[in-house]
Every structure is written in C-alpha cells, then in structure tokens.
Amino acid sequence: MTGISVNLARQEGRRQKTISKNTGINFFPSGSRMASVVTVKTEKRPAPDSEDGETVTKKARKLLPSLKTKRAPELVLVIGTGVSSAVAPQVPALRSWKGLIQALLDAANDFDLLEEEESRRFQKSLQEDKNLVHVAHDLIQKLSPRTGNVRSTFFKDCLYEVFDDLECKMEHAGKHLLRSVLQLMESGALVLTTNFDNLLEIYAAHQGTKLESLDLTDEKKVLEWAQEKRRLSVLHIHGVYTNPSGIVLHPAGYQNVLRNTEVMGMCIFGRFGLNKEQLLCWGQYVK
C-alpha cells in the first residue's frame, strides 16, 4: 500500500484536517457543484525502485496541491477497504472480497446450513479464484430459500456472525483515520462507501455524534443526501450488513444499482459533476 498524508485546509487557513494512513487516494476535478471526489482504498505496495512506485509518487504530488485548496463542504470522500482493514485488521471479511465470501461460507458451515458436498464446491471455487461475484451470488441464493412468500433469515444470520462485535475488534492505531473522516463530515464533507461494515458509525457514536447508515433501498433519503440535506449520513452504495435486503453481492444487484437512473443520476452526475468517461473510470476504481 502507498503511504500518503493529505492535508485538507480551509481557505481561511485556520482549521486544518488531516487524513493520514496507508491508503490509495484518487481525485476527480470538481464539477458544476464544486464537489471533489477523494477515493480511499487499499493498494499493493510497489517495489521502491519500480516504475509503478514512481508513477504513484508523481500522481500524489500533483494531487496534494489541488486538495489543499478545497474546503470540507467541497469534498466527497469515497471510502473503500483501506479504511476498514486499517481499523480492524484482524477481521478477514474487511480486508478483501475473497475474505468476505470465505467468512460467509465459514458462518454457513458453523450453522450447518450447507451439505458437505455444497461446502466443498464453494470452497473449491474460492481456492481456484473463479468469478467471485458469481460465487457470492450462488452462496446468497443457497442461504436465502423461500417458504411460500417468506424468505429465510439464514443470510442475515451469517452476515451478523461475520460482522459481529466489530466494536471490540477496532484497534487504536486505526481510529485516527476514522477521526479525520468524522471531522471532515462535521465540517461539511459527504461520505460514500463501498464497505458493508458500519465502523465509522460506531466510532462516531462513541464521540457523541450520531451518523445514519443509508443504502440505495431508501431512494428518498439517498436523494436528500445527494442534495446535501443529510450530511451526517454515510451512503453505503453496496449496502450495509445491518440491512441485508440492501446488500449488493451479486451481478444482478450491481446491474440494479446502475439501472436506478434517478438515484445514480443525482448522486454521480449531479453531485460529483462527472461525465460518462469519468464515471466509468470511477466505477472501475472503486469496484
């Protein structure tokens, strides 16, 4: 991972916010709404003398001067696994997509929800690194059987098992990152995340600040978030584990997100001011 320290200073130069952690950060030029997107996710650390390492350093140097001129209300922080894995590194489900599927599979086995042959098939697919999105889809389908019009709670039970007791698994060394994000939110920045956990919300509650977790199942609130009416809300575009119905872990789910033109139009094109080419780039980056 690449270590980058970014100082986000208000124009009046009096209050300074710092995001400092081993994170990757991507920046898009501001659009008509004067919103800039800062993307945080994990990246592999390149060799010190590699060309990739030099490229990352050059990009960082170009990025920093632009960010220093931005005020918090002009920022949208897009948070990926880099933040969660830094705060709770002992939770495999927070470190990678494969780790999450493995954790769900382990929970399903612990609850005796899979036959031995089914479990071996899923495990084999994971080990062979087959299309993980489809593996996740098949596992969710297996954990979500219907009885008439009622869907079982097996998937919900496994999600809660995977993300259970996150509060006790947060390490002090990573909390300063959450503190920086929370300070930026309190100063007007918006936060969007691809993570399923609610570590930021948990941390904020301990600091006396209530943050609301939003997902795309509540279009009214999401549109209000995009219109800056719900600044103390965290938008989980792939869902949050506390609301299993909003979890996006399979191909159809991702397609449904993109087909929601009203929400995506407001959140991506309207709020961020991105054109189609930039949206495709952003989508590939946070995938």
Side-chain angles (χ1 to χ4, degrees), residues 41 76-81 83-84 88 91 93-94 96-97 99-101 103-105 107-108 113 132-146 149-167 181 185 190-205 210-227 229-268 271-272 282-283 286-287:
K41 67 177 289 185
V76 178
L77 305 180
V78 183
I79 298 176
T81 56
V83 173
S84 295
V91 182
L94 301 180
S96 69
W97 180 251
L100 173 59
I101 301 174
L104 284 171
L105 180 57
L113 299 177
L132 297 182
V133 173
H134 289 283
V135 175
H137 172 262
D138 292 344
L139 182 57
I140 292 173
Q141 289 297 104
K142 186 63 184 178
L143 298 178
S144 306
R146 285 183 178 275
N149 293 324
V150 179
R151 190 178 292 274
S152 79
T153 63
F154 294 158
F155 178 51
K156 176 181 178 181
D157 295 339
C158 290
L159 275 176
Y160 273 81
E161 179 71 11
V162 168
F163 293 104
D164 182 48
D165 212 16
L166 284 179
E167 183 175 351
V181 173
M185 290 187 73
L190 295 182
V191 170
L192 178 154
T193 181
T194 56
N195 297 340
F196 301 112
D197 64 79
N198 60 346
L199 286 169
L200 178 58
E201 292 91 320
I202 292 173
Y203 174 81
K210 179 176 175 55
L211 298 182
E212 183 178 15
S213 300
L214 302 180
D215 61 44
L216 297 183
T217 60
D218 194 330
E219 293 186 11
K220 181 176 181 295
K221 288 186 177 180
V222 172
L223 291 173
E224 289 175 349
W225 174 90
Q227 295 163 355
K229 298 177 181 178
R230 289 182 174 272
R231 286 193 173 275
L232 291 181
S233 296
V234 180
L235 176 58
H236 295 258
I237 60 170
H238 293 163
V240 59
Y241 85 93
T242 53
N243 179 27
S245 64
I247 289 288
V248 178
L249 263 176
H250 51 85
Y254 288 108
Q255 290 300 318
N256 289 337
V257 170
L258 294 176
R259 288 194 190 105
N260 195 329
T261 54
E262 183 179 16
V263 171
M264 295 304 289
M266 173 64 76
C267 292
I268 304 301
R271 182 63 184 88
F272 297 167
W282 175 80
V286 301
K287 186 180 293 182

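A quick note: this is a predicted structure, and the numbers were derived from the prediction, not measured. Only this structure's heavy atoms are used, side chains among them; waters, hydrogens and symmetry mates stay out.
- T242 approaches N198 most closely through the heavy-atom pair CG2-ND2, 4.2 Å.
- Applying the side-chain contact (heavy atoms from CB on, under 4.5 Å) test to V162 and every residue at least two apart in sequence or in another chain returns A93, L100, A103, L104, A107.
- Nearest heavy-atom pair across N195 and H236 is O-ND1, 2.9 Å.
- When the salt bridge (Lys or Arg N to Asp or Glu O under 4.0 Å) test is applied to E212, the partners found at least two apart in sequence or on another chain are K221, R230.
- Rounding to the nearest 0.5 angstrom, the gap separating the CD1 atom in I140 from the CD1 atom in I101 is 8.5 Å.
- Nearest heavy atom pair, residue V234 against residue M185, reads CG2-CE, 4.2 Å.
- Taking the side chain as every heavy atom from C-beta outward, L139 and C158 never approach each other to under 4.5 Å.
- Taking F163 as the reference, Y241 meet the ring-ring contact (aromatic ring centres under 6.0 Å, His included) condition, with sequence neighbours excluded.
- No side-chain donor-acceptor contact under 3.5 Å links T81 to the backbone of S96.
- By the 4.5 Å heavy-atom criterion applied to side chains, L94 and L199 are counted as neighbours.
- With rounding to the nearest 0.5 Å, the separation of OG1 in T193 from CG in L77 is 10.5 Å.
- Pairing each heavy atom of S233 with each of W225, the nearest pair is O-NE1, 3.5 Å.
- Residue S84 comes nearest to D197 through the heavy atom pair OG-OD2, 2.6 Å, listed as atom of the first residue, atom of the second, then distance.
- A 4.5 Å side-chain heavy-atom check between V181 and Y203 finds every atom pair outside the cut-off.
- For S213, the side chain to side chain donor-acceptor pair (under 3.5 Å) partners at least two apart in sequence or on another chain are E201.
- To the nearest 0.5 Å, atoms CG (D157) and CG (D164) are separated by 11.5 Å.
- Residue F154 comes nearest to L143 through the heavy atom pair CB-O, 3.0 Å, listed as atom of the first residue, atom of the second, then distance.
- Residues passing the side-chain contact (heavy atoms from CB on, under 4.5 Å) test with K220 are D218, E224, sequence neighbours excluded.
- Scored by the side-chain contact (heavy atoms from CB on, under 4.5 Å) test, T217 finds D215, N243 as partners (sequence neighbours excluded).
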